[in-house]
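One structure below.
In what follows, every chain begins at residue 1, and chains take the letters A, B, ... in the order their sequences are listed.
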Protein chains: 2
Amino acid sequence: MPRVRLVDEAREAGLSKTTVSAALNGTGRLSPEVREKARDTARRMGYRPNATARQLRAGRARLIGYVVGELADTPWTFLESPYFARLTGATAATALARGYAVVLLPAGSLQSEWAALPLDAVVVADPVADDRIVEDLLAARIPVFSDRSVEGRPGAHWVDVDATAVVGQTLDHFHAQGARRPVLVVPDSTTRFHREVDAAHRAWCAAHGLPVLSVRAAEPGNGPVIQAVETALGVGPDRPDALLVVAEASPPLVLDAARRIGYDVPGDLLLACVSEDETAVHTEPPVTTLSLRPDAVAEAGIAHLVAVLEQGLRETGGALVPVRLDVRASSVRRG
Amino acid sequence: MPRVRLVDEAREAGLSKTTVSAALNGTGRLSPEVREKARDTARRMGYRPNATARQLRAGRARLIGYVVGELADTPWTFLESPYFARLTGATAATALARGYAVVLLPAGSLQSEWAALPLDAVVVADPVADDRIVEDLLAARIPVFSDRSVEGRPGAHWVDVDATAVVGQTLDHFHAQGARRPVLVVPDSTTRFHREVDAAHRAWCAAHGLPVLSVRAAEPGNGPVIQAVETALGVGPDRPDALLVVAEASPPLVLDAARRIGYDVPGDLLLACVSEDETAVHTEPPVTTLSLRPDAVAEAGIAHLVAVLEQGLRETGGALVPVRLDVRASSVRRG
DNA sequence: TTGAAAGCGCTAACAC
DNA sequence: GTGTTAGCGCTTTCAA
């Protein structure tokens with residue numbers, strides 16, 4: 001039993017394709033009776049327009065690709081990071097609300113994987129340095145939306161997190177709580193974000209006349225980061241009095257590590273993690289987090305994308321999305 | 001500058017559409033020179049076939065929808081669960097390898113949200129009880145792939161996790177380690193999986209002549225589950241000697257909770273969590289986990305989907321995917 | 001107010 | 001071997 005087509009239902013209703021199409025789409029000038037009749041017949045026959053045919057006619061498929069760089073080696077691990085999980089969900093939801101569907105693409109996918117898809121644009125959530133995908137997409141004249149690392153390339157647009165604010169807000173908060181030896185833990189990755197955090201940290205310390213204390217985790221992921229935390233907290237006679245972890249590590253694990261080394265949080269050590277992980281709320285004490293606002297990033301990105309696609313917006317400076325510090329007991333001096 | 005079409009490049013190469021099409025698709029019988037010439041011209045002009053037109057011709061878009069039930073109230077929170085994160089990634093990767101792209105759909109989405117998409121099938125990862133989406137899809141004659149709860153409905157196919165094995169393997173392991181008062185914590189949800197776990201637990205306890213100890217968390221999510229853990233471990237004079245948490249809760253949080261109440265793990269209490277969360281490896285001691293094998297579920301599901309779509313496979317019994325117990329120090333008696 | 005016909009870009013019979 | 005042609009199912013001028 002083949003699917004009901006527009007012609008089928010037109011014939012059944014004794015009308016023409018044109019009339020039925022207009023009736024169902026609410027276009028054209030038709031008498032109410034005819035419109036009603038067409039709709040009735042459609043319902044009765046279970047007619048559903050063929051999406052592909054419509055897309056062909058329309059010239060666009062309202063489909064956007066979504067690529068994320070892999071964390072560690074395994075593609076898709078990214079989704080296990082609360083930040084990317086939320087970014088992904090928020091992107092899909094926002095896009096859908098604007099009439100665009102999102103298809104998931106693995107990082108490092110080849111032309112052959114996405115060439116068969118009618119993509120209007122592609123969002124590259126976290127471009128991996130050596131990934132060819134951005135160039136390939138631009139060469140295929142598919143608009144790319146990514147982070148600031150694509151800035152300046154024709155056809156590429158960006159939205160990014162304000163890395164300077166990340167460091168500034170947290171260290172200002174530590175400072176206000178009396179900390180004078182804050183230490184930073186950040187992965188030794190080539191990601192633009194981590195480089196910016198590092199730079200912002202140096203600048204902040206210089207501006208405040210404090211020593212630049214920082215430890216780089218060998219790579220992202222809980223294992224290496226926890227190790228780096230242990231290193232950071234173990235240093236010499238002058239122990240740090242505050243710790244900022246910018247690595248999406250599990251807050252309970254970081255807290256446990258600090259305790260194992262003999263710190264009381266927040267007594268001897270103020271703690272804050274850049275993380276979207278809700279477990280931070282459930283530890284004892286709850287852990288202060290700095291949210292990168294994946295939902296806001298997604299919204300800004302999709303808004304930008306829609307503007308470019310639908311109003312042919314050409315050059316814009318991109319957008320820097322603000323972050324949010326959620327102060328909890330782990331970074332508040334008891335008094 | 002409009003996009004290069006097949007006709008454009010045919011004219012440029014001095015060939016017909018047919019010839020060029022055949023040359024690029026590797027079909028038909030063409031002289032090597034002609035084929036090469038066509039390919040050259042295509043490359044030179046930057047010709048890329050229009051995906052929508054191909055789909056229309058082919059009759060299918062090789063696009064599948066992917067819907068997940070929301071955890072708590074917020075749609076998309078699911079992605080923050082390591083299980084669903086991996087299931088999602090594995091589904092997308094497996095599907096893509098088979099030539100199908102996956103589009104992300106929010107739970108509870110209306111017809112209007114997916115009707116405009118040329119979906120060949122839809123995967124419903126975790127059907128929410130009162131979600132109309134499954135009926136709507138089936139009514140639209142779109143094949144649905146989901147868990148066992150759709151069993152028996154025409155057009156619906158399933159793959160599921162073996163809930164009995166989840167409970168059996170873990171409790172057998174506890175029992176072998178000498179535990180005689182294992183307690184189960186499971187969310188009080190209407191999810192089929194949780195109901196099955198509950199039933200399997202009763203059956204196992206009855207079969208082994210042990211008391212049925214269990215506590216239901218008010219809902220999924222770390223907060224309620226940790227509370228339930230506290231309740232479970234606090235009970236009366238006969239304290240439990242083993243704890244199984246089937247709720248995708250954060251292993252470090254569960255461990256910390258047990259400690260706060262005064263348990264030594266694994267001294268007084270053996271601990272295992274059903275979880276894909278890799279933080280389990282990094283606690284002290286590391287936490288035993290039972291993996292629901294989201295990657296295996298995805299593979300089985302997509303294999304099934306492809307068989308149905310491409311070989312018109314009709315009735316099959318569905319598949320039960322095995323689970324994997326990763327024994328770590330938290331559930332091994334010292335000594 | 002309604003209908004006939006062209007055409008979106010591609011592929012595959014079928015003729016040459 | 002290569003080209004001509006007829007659609008895939010839909011929307012939309014344009015004519016009646």
Side-chain angles (χ1 to χ4, degrees), chain A residues 1-39 41-42 45-63 99 115-120 140-142, chain B residues 1-39 41-42 45-63 99 115-120 140-142:
Chain A
M1 189 163 80
R3 193 163 146 174
V4 183
R5 295 162 307 164
L6 188 60
V7 245
D8 301 325
E9 101 117 292
R11 192 174 306 120
E12 173 82 13
L15 298 166
S16 81
K17 292 195 321 177
T18 313
T19 309
V20 173
S21 174
L24 298 179
N25 293 323
T27 56
R29 295 155 293 283
L30 305 176
S31 67
E33 306 88 60
V34 171
R35 177 153 291 170
E36 205 39 58
K37 177 173 189 183
R39 291 196 168 150
T41 318
M45 300 181 74
Y47 167 71
R48 293 189 318 113
N50 179 309
T52 305
R54 283 189 149 173
Q55 289 172 3
L56 180 59
R57 191 68 242 281
R60 330 168 286 163
R62 302 192 75 95
L63 203 59
L117 294 167
L119 299 176
D120 294 347
R141 307 177 80 242
I142 296 176
Chain B
M1 189 163 81
R3 195 164 145 174
V4 183
R5 294 161 308 162
L6 187 60
V7 246
D8 301 326
E9 100 117 292
R11 190 174 308 121
E12 172 83 12
L15 298 168
S16 81
K17 293 194 322 176
T18 314
T19 308
V20 175
S21 173
L24 298 178
N25 293 323
T27 55
R29 297 153 293 282
L30 269 43
S31 69
E33 307 87 60
V34 172
R35 177 152 292 171
E36 205 38 59
K37 176 171 189 186
R39 293 198 166 148
T41 318
M45 300 181 73
Y47 168 70
R48 294 188 319 113
N50 178 310
T52 304
R54 282 187 152 176
Q55 290 173 2
L56 181 59
R57 192 70 244 281
R60 330 168 286 161
R62 302 191 76 96
L63 203 59
L117 295 167
L119 301 175
D120 294 349
R141 305 174 86 241
I142 296 177

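- Listed for the A:Lys17 side chain is no donor-acceptor partner under 3.5 Å among the backbone atoms of A:Leu6.
- Side-chain N/O atoms of A:Tyr47 include none lying less than 4.0 angstrom from OP1 or OP2 on D:dG9.
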Next on the checklist: Apply side-chain contact (heavy atoms from CB on, under 4.5 Å) to residues A:Arg35 and A:Arg39 and explain how you reach the verdict.
Outcome noted: CA-CA 6 Å; A:Arg35 177 153 291 170; A:Arg39 291 196 168 150; 4.0 Å; yes
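- Where B:Thr52 and B:Thr27 each meet DNA chain C at their nearest nucleotide, the meeting point lying more 5' is that of B:Thr52.
- Looking at which nucleotide of DNA chain D each of B:Ala53 and A:Ala22 is closest to, the 5′-most match is held by B:Ala53.
- Residue B:Arg57 has no polar side-chain atom (N or O) positioned under 4.0 Å from OP1 or OP2 of C:dA12.
- Across D:dG3, D:dC10, C:dT11, the shortest atom-to-atom separation from the side chain of B:Ser16 is found for D:dG3.
- Summarising the geometry, atom CZ belonging to B:Arg54 is positioned 12.0 Å from atom CZ belonging to B:Arg62; distances are rounded to the nearest 0.5 Å.
- Contact check, B:Asn25 against C:dT11: a side-chain N or O comes under 4.0 Å of OP1 or OP2.
- One interatomic measurement links the two molecules: CZ of B:Arg3 to P of C:dG9, which rounds to 9 Å at whole-angstrom precision.
- For the residue pair B:Gln55 and A:Pro118, the shortest heavy atom distance occurs at NE2-CD, 3.4 Å.
- Atom CG of B:Leu56 and atom C1' of D:dG9 are 6 Å apart (whole Å).
- For the pair A:Met45 CE and D:dG9 P, the computed distance is 14 Å after rounding to whole Å.
- Taking atom CZ of B:Arg35 as the reference point, atom P of D:dG3 lies 14 Å away to the nearest angstrom.
- If you measure from atom CG of A:Asp8 to atom C1' of D:dC8, you get 13 Å, rounded to the nearest angstrom.
- Protein atom CG of A:Asn50 is 14 Å distant from nucleotide atom C1' of D:dG7, rounded to whole Å.
- Expressed to the nearest 0.5 Å, how far CD1 of B:Ile142 lies from CZ of A:Arg48 amounts to 4.5 Å.
- Nearest to the side chain of A:Arg54, among D:dC8, D:dG3, D:dC10, sits D:dC10.
- Contacts of A:Arg5 with the nucleic acid, taken as non-hydrogen atoms under 4.0 Å apart, involve only primed sugar atoms and P, OP1 or OP2.
- At D:dG3, one or more side-chain N or O atoms of B:Thr19 fall inside 4.0 Å of OP1 or OP2 (strictly under the cut-off).
- Checked by distance alone, B:Thr18 brings a side-chain donor or acceptor within 3.5 Å of a matching partner on the base of D:dT4.
- Contact annotation: B:Ser31 side-chain N/O to D:dT2 OP1/OP2 distance is under 4.0 Å.
- Rounded to whole angstrom, the span from the CG atom of A:Leu24 across to the P atom of D:dT12 amounts to 13 Å.
- The distance between atom CD of B:Glu36 and atom P of D:dG1, rounded to the nearest whole Å, is 18 Å.
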